[in-house]
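In what follows, a structure is listed as structure tokens, so that the remarks can point back to it.
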There are 2 protein chains.
Amino acid sequence: MLGKKAADAFPGLDEFLCFSIYSTGHAFNQIYRPLLDKLELTYPQYLVMVSLWGGDGQTVKELGAQLSLDSSTLTPLLKRLEARGYLSRRRDTQDERQVRLVLTPEGQALQQRAREIPACVAREIGLKKEDYHTLQRLLGEVRERLTKSAE
Amino acid sequence: MLGKKAADAFPGLDEFLCFSIYSTGHAFNQIYRPLLDKLELTYPQYLVMVSLWGGDGQTVKELGAQLSLDSSTLTPLLKRLEARGYLSRRRDTQDERQVRLVLTPEGQALQQRAREIPACVAREIGLKKEDYHTLQRLLGEVRERLTKSAE
DNA sequence: TGAGATTTGATCGCGCGCGATATAAGACTG
DNA sequence: CAGTCTTATATCGCGCGCGATCAAATCTCA
């Protein structure tokens, strides 16, 4: 016997990269939840707000391209953010197919209240700067290849 | 001016490690979908099957510990797998609180049909072995720290 | 200009995740 | 051995993700 596995053995869960990502994603959610509860945001809603804080007036399509989400996910989510008073959805007057997303003053102000979150999360992660960048780079490579071969 | 950011600027989405993981997770889903469609499995259902192929007779609790999922997620998922004929759910005769998960012959046989999937996905990822292990190690570190500080 | 193709967003259905709660079986304690 | 506590699973409600479909606005080009 050269190894402990039978020839037809399936790998264990721990060997799957996809599972590492899947479960680490869940772990992130748990960390974010208490921080975001104060702002009455879910985690995907927070990502949308981060994108809009980086620049308002985007269309749903443009936002979706950043987040890799389409209107079937975004429309209801954006309506909830609108209902909470954080943004408004306005049909573009030039091209009425498009909906532009504009932060309300309250949505702008939320940025200040969210300010400690990134540092707070970074502290919980506790990776060395170098490892952090390595991780970002490798994840970026994986994502790029997967999205390319999925097209 | 020392930098291009205002003092109160929020980081961009691309700087968030959580976002890299979030979107890479979605990309994995897209890759798995066509492969799993043939087996009539969703991605979380596939993870459950992988765990059971590694050894059945587990309780729901034990399975949940591996996947970081609790009964509110697993019970309906397991019922769907049972309805498809891949496993059976049996109350433990010693301790009737527990439900033990046992693969049916069809569930066992599915392993053969799923056999090419890991290699197929690995090919799509296309990372060097060393990078793959680095990624696994760093994700493991992050997950461990996050789950510890969330407890 | 007018018929068909394309683009944008909205809607629907279903399967996760997960917090909160319920129920039932088992363990513990006085 | 009765009352209480704990544990394992189930149920409910809500918010994503996403494939499929639809409606309206815009574009194309004969």
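Both backbone and side-chain heavy atoms feed into the values below; hydrogens, waters and symmetry mates do not. We name chains A, B, ... by the order of the sequence lines, and we start the count at 1 in each one.
Residue order along DNA chain D, read from the 5' end via each residue's closest nucleotide, puts Pro44(A) first among Gln94(A) and Pro44(A). If you find the closest nucleotide of DNA chain C to Arg33(A) and to Tyr43(B), the one lying nearer the 5' end belongs to Tyr43(B). Between Arg97(A) and Leu69(A), the residue anchored nearer the 5' end of DNA chain D, judged by the nucleotide with its closest heavy atom, is Leu69(A). Projected onto DNA chain C by closest heavy-atom contact, Glu96(B) and Asp70(B) fall at different nucleotides, the more 5' of which corresponds to Asp70(B).
Contact annotation for Thr73(B): base contact, defined as any heavy-atom pair under 4.0 Å involving a base atom. Arg100(A) comes within contact range of no nucleotide atom at all, as no heavy-atom separation falls under 4.0 Å. Backbone-only engagement by Thr42(A) is indicated by non-hydrogen atom pairs under 4.0 Å involving sugar-phosphate atoms exclusively. If you check every strand for non-hydrogen atoms under 4.0 Å, Glu62(B) touches nothing. Across all strands shown, Leu77(A) has heavy atoms under 4.0 Å from sugar-phosphate atoms exclusively, and none from any base.
Ring-plane geometry between Tyr46(B) and Phe16(A) is classed as perpendicular, the angle between the planes exceeding 60 degrees on a 0 to 90 degree scale with a lower cut at 30.
A sub-4.0 Å separation between OP1 or OP2 of dT9(D) and a side-chain N or O of Ser71(B) is absent.
Following rounding to the nearest Å, Arg91(A) (CZ) and dA24(D) (P) show an atom-to-atom distance of 11 Å. Between the CG atom of Asp95(A) and the P atom of dC27(D) there is a distance of 6 Å, rounded to whole Å. As rounded to whole Å, 13 Å separates atom C1' of dT11(D) from atom CZ of Arg80(B).
Around CD of Glu116(A), the count of heavy atoms belonging to other residues, nucleotides or ligands within 6.0 Å does not exceed 12. For Arg90(B), the CZ atom sits in a loose shell: 12 or fewer heavy atoms of surrounding residues, nucleotides or ligands are nearer than 6.0 Å.
Closest heavy-atom contact between Gln66(A) and Gln58(A): NE2-OE1, 3.2 Å.
The side chain of Thr75(B) sits closest to dT9(D) out of dT26(D), dT9(D), dT6(D).
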request  = Would you check, one step at a time, whether the test ring pair (Phe, Tyr, Trp, His ring centres under 6.0 Å) holds for Tyr22(B) with Tyr43(A)?
outcome  = CA-CA 10 Å; Tyr22(B) 172 84; Tyr43(A) 177 61; 5.7 Å; yes
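With a cutoff of under 4.0 Å to any heavy atom of chain A, the contacted region of DNA chain C is bounded 5' to 3' by dT7(C) to dG19(C).
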